[in-house]
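These notes concern the structure reproduced below.
Model, not experiment: these values are computed from the prediction.
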Amino acid sequence: MELNLCWWNMGLSPPIRSSKKIDIEDIGLAKQYLGRMIEKRTLDIVALCEISKKENLDFKQLACELNMEYVDLSGRIGRIFIDISIMYNMNKLVFISSKFLTKLQPDNRTIRVGVSVLFKEIENQKMITLFLSHWPSVLSADAKTRHIAAQELRNSIDKLFENQGKDTQIICMGDYNTEPYSDVMINTLYATRDYHIIKKKRELLFNPFWYLLSDKKTNNLGTYYYNSASMSRWYVFDQMIFSSSFLYGKKDCFKLDLEQIDFYRILNDDNHCLDDVFFKKFDHYPIFCRISHER
């Protein structure tokens, strides 16, 4: 049994108050690319970001065409907008529940942490918890805000470890607006790149998306592209992070296939654009992984 996962910040409806109308052509283009990716990569779970209730009908229609289920996870808590939705393969998975994760500060500011989603995989009856996040950008918030978001996410993960044990299956996916090596990812979320140390320290999380920081060539890769950058155009803001059970869990746990960690590449080593249409419309690039279960 295999499950193929995708995270994509589509950039259609950023989580801010705006009277700007969504471009119908942009929605159509996003649907077109998403449909192709789902069919080509046989995706089973697709988490989408910067998408709102305004686009619900369009993506529900796409899900129906692809024999998938669409769940709108967007909403508003106080002044905070949650901008996440998910599509999943209903022949392999049962959607159990979802919950907004926010943190109310003493000054009455609410910080957006993410959405927790619980699935049951049908064939093996395994429970998988997803934490889907879109943390504030460097333009709208400081590092302290992302630290608070990371701490609250870590608290939710710790509760699952405490209640269900170290073999609980947890995947964090998101646009964290911070790099894998940042202090909040390492020292607050406790996400490491070290595959082997996790065997002894099972409550650490594994972040394989360090691999997008360098390819030993021209390093023309990442998940977010900023053309006007003064020093570096590429950032690895979009990441998938896994609990240790996907590496060292018992036999009945899903395991992460390291060979299937991937991203939608837009520029080659020589800086030639591989897809002009996508490059001009989208600044975040989808990321992918595969988990598998053997009886």
Is the closest side-chain heavy-atom distance between [X] and [Y] below 4.5 Å?
X	Y	result
Ile157	Cys172	yes
Ile287	Met240	yes
Glu2	Thr42	no
Phe119	Ile86	yes
Gln164	Ile170	no
Arg41	Asp262	yes
Tyr88	Leu3	no
His272	Leu274	yes

Consider only side-chain N and O atoms of Thr188 and Gln151, and report whether a donor and an acceptor are under 3.5 Å apart.
->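 Per modelled atom types, Thr188 and Gln151 side chains form no pair under 3.5 Å.
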
Taking atom types as modelled and ignoring hydrogens, do the side chains of Asp72 and Tyr70 form a donor-acceptor contact shorter than 3.5 angstrom?
->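 No, because no side-chain N or O of Asp72 sits under 3.5 Å from a partner of the opposite role on Tyr70.
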
Does a side-chain N-to-carboxylate-O contact under 4.0 Å join Arg265 and Asp215?
->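 A salt bridge is present here (some side-chain N lies under 4.0 Å from a carboxylate O).
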
Give a yes or no on whether a salt bridge exists between Asp107 and Arg109, defined as a side-chain N under 4.0 angstrom from a carboxylate O.
->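 Yes.
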
Considering all heavy atoms, the nearest [X]-[Y] contact:
X	Y	value
Ile84	Ser133	CD1-N, 4.0 Å
Tyr181	Ile186	O-CD1, 3.4 Å
Lys216	Ser214	N-OG, 3.4 Å
Leu267	Cys273	CD2-CA, 3.6 Å
Glu203	Arg154	O-NH2, 2.8 Å
Phe263	Gly222	CD1-O, 3.6 Å

Would you say the ring centroid of [X] lies under 6.0 angstrom from that of [Y]?
X	Y	result
Tyr195	Tyr248	yes
Phe278	Tyr264	yes
Trp8	Tyr33	no

Assign the ring pair Tyr224 / His284 to parallel, tilted or perpendicular, where the plane angle (0 to 90°) is split at 30° and 60°.
->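 Ring orientation of Tyr224 relative to His284: tilted.
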
Going by the angle between their ring planes, with limits at 30° and 60°, are Tyr285 and Trp234 parallel, tilted or perpendicular?
->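 Rings of Tyr285 and Trp234: tilted, as their planes differ by 30° to 60°.
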
With side-chain contact (heavy atoms from CB on, under 4.5 Å) as the test, would you mind laying out the steps for Glu121 and Lys92 before giving the verdict?
-> CA-CA 6 Å; Glu121 186 270 321; Lys92 291 184 178 181; 5.6 Å; no

In a check of side chain to side chain contact (heavy atoms under 4.5 Å, CB included) between Val46 and each of Leu34, Asn4, Leu66, Leu5, which one passes?
->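 The residue from Leu34, Asn4, Leu66, Leu5 that satisfies side chain to side chain contact (heavy atoms under 4.5 Å, CB included) with Val46 turns out to be Leu34.
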
Apply side-chain contact (heavy atoms from CB on, under 4.5 Å) to Tyr225 and Ile266, showing your working.
-> CA-CA 10 Å; Tyr225 181 86; Ile266 202 70; 5.7 Å; no

Take Leu43 and Phe288, measure what side-chain contact (heavy atoms from CB on, under 4.5 Å) needs, and give me the verdict at the end.
-> CA-CA 9 Å; Leu43 298 176; Phe288 310 94; 4.0 Å; yes

Quick check against the 3.5 Å criterion: does [X] have a side-chain atom that pairs as donor or acceptor with the backbone of [Y]?
X	Y	value
Arg146	Trp135	no
Gln169	Phe254	yes
Thr168	Phe161	no
Glu152	Ala149	no
Arg202	Lys166	yes
Thr218	Asp269	yes
Ser85	Leu48	no
Asn220	Asn268	yes
His134	Ile82	no

Let me see the working for Leu256 and Ile261 under side-chain contact (heavy atoms from CB on, under 4.5 Å), right down to the final yes or no.
-> CA-CA 9 Å; Leu256 175 64; Ile261 301 291; 3.9 Å; yes

Ile38-Leu29 co-clustered via ILVMFWY side chain contacts under 4.5 Å |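 Yes; Leu29 is reachable from Ile38 via cluster members.
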
Determine whether Trp210 and Met185 fall in the same hydrophobic cluster, where Ile, Leu, Val, Met, Phe, Trp and Tyr are linked whenever their side-chain heavy atoms lie under 4.5 Å apart.
->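 No.
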
Out of curiosity, Glu50 CD to Ser74 OG, how far, rounded to the nearest 0.5 Å?
->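 Result: 13.0 Å between the selected atoms.
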
